[in-house]
Enquirer: 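One structure, pasted below without further comment.
Residue numbering restarts at 1 for every chain, and letters A, B, ... go by the order of the sequence lines.
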Amino acid sequence: MRIATWNVNSIRTRVGRVTDWLERSNCDVLAMQEIKCKPDQFPFEAFEKFGYKITMHGLNQWNGVAFASKIEAEDVEIGFSGMPTFKDVEEARALTATFDGVRLSSLYIPNGRSLEDAHYTYKLEWLEALAATTAEFLEHEPETPIALMGDFNIAPLDTDVWNIDDFAGATHVSAPERQAFSAFEQIGLTDVVRPRIPQAYTYWDYQQLRFPKNEGMRIDFILGNDSFAERVTEVSIERDERKGEGPSDHVPVTATIS
DNA sequence: ATGTCGCCTACGAGGCGA
């Protein structure tokens, strides 16, 4: 089974590129983030044409997460237990389902905006709650293979950004964010891509020629428990998907499991 | 060069979020 995660930055704008990639990539389950639409706006037919079923959660023009899969999604869960709200508003940032016995989450972690912003506190709380709920799940079902997949909006290592000196005082690299990220490792999840691809970016800002200059960030991850990680046979970061006409600012990250 | 993109409202262009 080949799975992938991709922040598509609007599925309505990107539908052609996403279905083109699915057709070429032999992907069984794609976790998408930032679909940026409500259910009545989602281009279901384009995916159905290529044999993919859509499971989605979108509330408005912001955020939004989904799966496109050749495999039936079972036990679908919107959000997660204890998921924080922002100013009492629930956001469309988490969707979980089981595919052939593998439990996968599509996650769009809050950006944080700046270290002084209320969204930064929200980001840290959101990550802490996700780790707590995941830890509880793993205690009850350690044998179930699971993976948290998505745009974490955190660069865990200094080498995950093009120049760490440019990130002084910025989000994505702060100690609290990195600590929140490492909490997933403490509860038994590991990044299944990094051991096989030690250095690569998954995101390049549209601004300031970041991609031509290869000034990117590694912020999209697949974190699996042991039951998942031991089945991984191959991974990739689809850098070519940042090229050409109308790309997302993120590229797909994939894992093949036996 | 603040070298971009995509959403919204509401019909032109500005505001917001990333």
Enquirer: If we ignore hydrogens and angles and just use 3.5 Å, is the side chain of Arg93(A) paired with the main-chain N or O of Trp126(A) as donor and acceptor?
Expert: no
Enquirer: Is Arg14(A) close enough to dC5(B) that one of its side-chain N or O atoms is under 4.0 Å from OP1 or OP2 there?
Expert: no
Enquirer: Within the structure, does a side-chain N or O atom of Ser10(A) lie under 4.0 Å from either OP1 or OP2 of dC5(B)?
Expert: no
Enquirer: Whole-Å distance between dC8(B) C1' and Leu59(A) CG?
Expert: 16 Å
Enquirer: Is there a side-chain contact between Thr256(A) and Val235(A) in this structure, where contact means two heavy atoms from C-beta onward sitting under 4.5 Å apart?
Expert: no
Enquirer: Would you mind reporting whether Thr134(A) and Ile187(A) have side-chain heavy atoms less than 4.5 Å apart?
Expert: yes
Enquirer: Under 3.5 Å, which protein N or O atoms sit close to an N or O of nucleotides 15-18 of chain B? Give each pair with its distance.
Expert:
from	atom 1	to	atom 2	distance (Å)
dG17(B)	O5'	Arg113(A)	NH2	3.4
dA18(B)	OP2	Arg113(A)	NE	2.6
dA18(B)	OP2	Arg113(A)	NH2	3.2

Enquirer: Between Arg210(A) (side chain) and Gly216(A) (backbone), is there a donor-acceptor pair under 3.5 Å?
Expert: no
Enquirer: What nucleic acid atoms does Gln33(A) come within less than 4.0 Å of, heavy atoms only: base, sugar-phosphate, or nothing?
Expert: nothing
Enquirer: To the nearest Å, give me how far apart CZ (Arg210(A)) and P (dC5(B)) are.
Expert: 14 Å
Enquirer: Tell me if a side-chain donor or acceptor on Asn225(A) pairs with a main-chain N or O of Ile146(A) at a distance below 3.5 Å.
Expert: yes
Enquirer: Please measure how far the P atom in dG12(B) lies from the corresponding atom in dG17(B), and state the result in whole Å.
Expert: 26 Å
Enquirer: Tell me which of Leu209(A) and Ile11(A) sits closer to the 5' end of DNA chain B, going by the nucleotide each one is nearest to.
Expert: Leu209(A)
Enquirer: According to a 4.5 Å side-chain heavy-atom criterion applied to Ile, Leu, Val, Met, Phe, Trp and Tyr, with indirect links allowed, do Leu30(A) and Leu107(A) form part of one hydrophobic cluster?
Expert: no
